[in-house]
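Values below: all heavy atoms of this structure, side chains included; hydrogens, waters and symmetry mates excluded. Fair warning: this is a prediction, and the values are worked out from it, not measured in the lab. A note on names: the letters A, B, ... follow the listed sequences, proteins ahead of strands, and every chain is numbered from 1.
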Amino acid sequence: MSGHSTYEPKSAVGKWFESRLPIMGLIHSSFVVFPNPRNLNYFWTFGGILAFMLVAQIITGVVLAMHYTAHADMAFNSVELIMRDVNYGWMLRYLHANGASMFFIAVYVHIFRGLYYGSYKAPREVLWILGVIIFLLMMATAFMGYVLPWGQMSFWGATVITNLFSAIPGVGEVIVSYLWGGYSVSNPTLNRFFSLHYLLPFMIAGVVVLHIWALHVPGSNNPSGIEKKTDKDVLPFHPYFTVKDAFALCCFLMVYVWFAFYIPNFLGHADNYIEANAAVTPSHIVPEWYFLPFYAILRAIPDKLLGVLAMFGSIAIMVVVPWLDTSKVRSGSYRPVFQIFFWLFAINAVILGWLGSKPPEGMYVVASRICTVYYFAYYILVLPLLGLFETPKSLPASIADSVLGKGGSGSAMASGAASSPSTKG
Amino acid sequence: MKSIKTLIAVVALAGLASGAAFAQSHEREIPPRVTWSFSGPFGTYDETQLQRGFKVFHEVCSNCHSLNKIAFRTLAEHGGPGFSKEQVTALAATFKVKDGPNDAGEMFERPARPADFWPAPFPNKQAAAAANGGAAPPDFSVIAKARTYERGFPWFVFDIFTQYQEQGVDYIASLLPGYEEAPAGVTVPDGKYYNKYFPGNIIAMPPPLQDGAVTYLKGADGKPQAPETVQQYAKDVSAFLMWAAEPHMEQRKEIAFRVLVFLLVFAGLLYFTKKKIWANVEGHA
Ligand code: HEM
């Protein structure tokens, strides 16, 4: 990873080791002296928060796995034993279950940050695509994790989602039977999901390394969207951004603790405290909240195959965003028209989420369709056309200028110019 | 800029309003809220209430409902009904459990010990269903968390801040006294009953409680600790079920408070450290 390699081990052991494996130098150049744009705002602290959440999920998860039994007849009971008889087992389980939600809150902020400030644009396309891959892996991990407690929603959620693959012409049925390991969601399904649920987080960790590697080639984007040019534009990672990230993480943890310790079941479903039963279908089968917008897109379309395609397409389309957006200006801060469409997109996503939790009938379906159309139109129409027609505000000359107010945003400049004659004259 | 933000706010409000306008059809009555000692950030269980609730469970509900995941010893654990070890041992000894095989290879019955789990009233689900008109009484271990009712927008958002999460117990406390004559036009099949809080209203459980059916311990004044009424029984047994579903709730909320205070102080320190470090950078606060 780039950055100045100025690391000088002080001790003899340090020198001996560094000449054989220069890992301390790598860490030093990546997380100590690494030059970050000085104007990063708090939206840039979510990367660190995500890294923390991944580690938190792995630690709580590995300890849970020491007590959990992946068997259709015992899984539900073993989770209850964790809750009751394992020392602090309730804490592990509630931290893990709510940790998944916090992980998704953080990743959604992180993704919308990227969409707003144009962080996906050249030269960060690969970085962005690696992010989309992490997001997909997270979704797969969380989906399979939710199956493990083997409650009613675990079972029926797994049934509905795995069944989607049967819509694929030709090979669909085969894929589904491999997912199930049988002819329905049953013990083999639970076993393979547990295996994969243990595996995927470590694959995420691997892709995160690539993600950070790709990040440290051009360095972070920033709210102005202008690349760093001189030393005046940057500050070393430590202490400036370590302390800022630590403060943000601490605030985030308060939210996490509020949920995990005070309202641990708020984000879950009461039905998942009923043991899985293939003979009783719950009245509403609803996925976890973080899947709801995609679930709404799935159900907005009457045809099963097209619905599945739309749902996966809604994530896949993020891969090509760097090439759909034609704007020369990177940051949304300098694109007044873009801002309108962006915030509509964000609100649209929230409404889609709410619609995903409603039964697919009447007005809900109509609303889901309208929202689905806007979701795709944002990517396919707005981003390409807006870049061609929109007149952006004028950009500051450098990151330092954007902070120190020389130049500044277009509106600031305009008002400054308008007021200057009267103040000067 | 201003106008953009106004526009967005208007669209957002319109979106939410139209969302709320999709009137939700309630096919059942919303249970009224009960004031519980265990709600809120500092909530704790009321030991005497749990003991009364346990008595109701033991004398009435346990004839039909199992409580599979609760061992007798849990009744003496901290943060629960607060029975003594001796009381629990004596209580366990009144039950017989199957054990074995012994050295002769035979199964045998012995009195239960505190480490044993609460014995189920029926040998299996089929037997339970057969004895109850085809509907097996559900297990009670987590039932207070396994039932809820829909809060709807915007209440569910407020619930995050008010920490209202007693939907399950509120429902049970209303269900038990919620039996009524079926309204005209609704036919209740034989062996079923009409309950205004049960989803679908037709329930297989006969009204389990009657005034005076359970005798509560007497206080110093010679009167029962609490009124021996259906309403009171329902509340007490619901509180007991909440404890059964969340036996570590008190500890959880205690830890939550400590962790939050720690994080708050730590965040404050980090905030000022951050300010200090950034103070020498031109253009930053
Ligand atoms: C990307 C990181 C991870 C995410 C997003 C995640 C998500 C989840 C979710 C949503 C559940 C269901 C929780 C519930 O409702 O009870 C779960 C359960 C579980 N997870 Fe994870 N998990 C992650 C990493 C891990 C790891 C690394 C392990 C360990 C090997 C693990 C082990 C378990 C076990 C044993 C359960 C079942 C116990 C339970 O349901 O609480 N998880 N996970």
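- Both the backbone and the side chain of A:Asn77 come within less than 4.5 Å of a heavy atom of chain B.
- The candidate with the highest count of non-hydrogen atom pairs below 4.5 Å against chain A, out of B:Phe266, B:Tyr164, B:Tyr271, B:Phe156, is B:Tyr271.
- Both the backbone and the side chain of A:Tyr262 come within less than 4.5 Å of a heavy atom of chain B.
- Listed options B:Ile255, B:Asp139, B:Ile143, B:Val259 were ranked by heavy-atom pairs under 4.5 angstrom with chain A; first place goes to B:Ile255.
- Proximity to chain A (any heavy atom under 4.5 Å) is shown, for B:Pro41, by both the backbone and the side chain.
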Under 3.5 Å, which donor-acceptor pairs link side chains of residues 237-247 of chain A to any protein atom two or more places apart or in another chain?
from: A:His238; atom 1: ND1; to: A:Thr242; atom 2: OG1; distance (Å): 2.8
from: A:Thr242; atom 1: OG1; to: A:Pro239; atom 2: O; distance (Å): 3.1
from: A:Lys244; atom 1: NZ; to: A:Leu40; atom 2: O; distance (Å): 2.5

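- If you tally non-hydrogen atom pairs under 4.5 Å between each of A:Asp85, A:Leu249, A:Asn39 and chain B, the highest count goes to A:Asp85.
- At a cut-off of 3.5 Å, with distance as the only test, no side-chain donor of A:Gln339 or A:Trp343 sits close to an acceptor on the other residue.
- Counting heavy-atom pairs closer than 4.5 Å to chain A, the top residue among B:His248, B:Gln165, B:Arg252 is B:Arg252.
- Classification of the A:Phe345-A:Phe112 ring pair by plane angle, with boundaries at 30° and 60°, yields tilted.
- Residues A:Trp258 and A:Phe266 place their aromatic rings such that the two centres sit no closer than 6.0 Å.
- Ring planes of A:Tyr378 and A:Phe338: tilted class, angle from 30 to 60°.
- At a 4.5 Å heavy-atom cutoff, the contact between A:Met91 and chain B is made by side-chain atoms alone.
- For A:Leu235, the part sitting under 4.5 Å from any heavy atom of chain B is the side chain, from C-beta outward, and nothing else.
- Note on B:Gly40, B:Gly268, B:Ala267, B:Gly168: by heavy-atom pairs under 4.5 Å with chain A, the leading option is B:Ala267.
- Heavy-atom minimum distance, B:Leu270 versus A:Cys250: CD1-CB, 4.1 Å.
- Summarising the local packing, CZ of B:Phe257 is surrounded by 12 or fewer heavy atoms from other residues, nucleotides or ligands at distances under 6.0 Å.
- In terms of heavy-atom pairs under 4.5 angstrom with chain B, the leader among A:Arg84, A:Arg38, A:Met83 is A:Arg84.
- Taking B:Thr148, B:Ile277, B:Thr273 one by one and counting their heavy-atom pairs under 4.5 Å with chain A, the maximum is reached by B:Ile277.
- Using a cut-off of 4.0 Å between Lys/Arg side-chain N and Asp/Glu carboxylate O, B:Lys69 and A:Glu80 are scored as not salt-bridged.
- A donor and an acceptor atom, one from each side chain of B:Asp170 and B:Tyr149, are nowhere located under 3.5 Å apart.
- With a threshold of 4.5 angstrom between heavy atoms, B:Ser141 approaches chain A through its backbone and through its side chain.
- Note on B:Gln251, B:Gln167, B:Lys253: by heavy-atom pairs under 4.5 Å with chain A, the leading option is B:Gln251.
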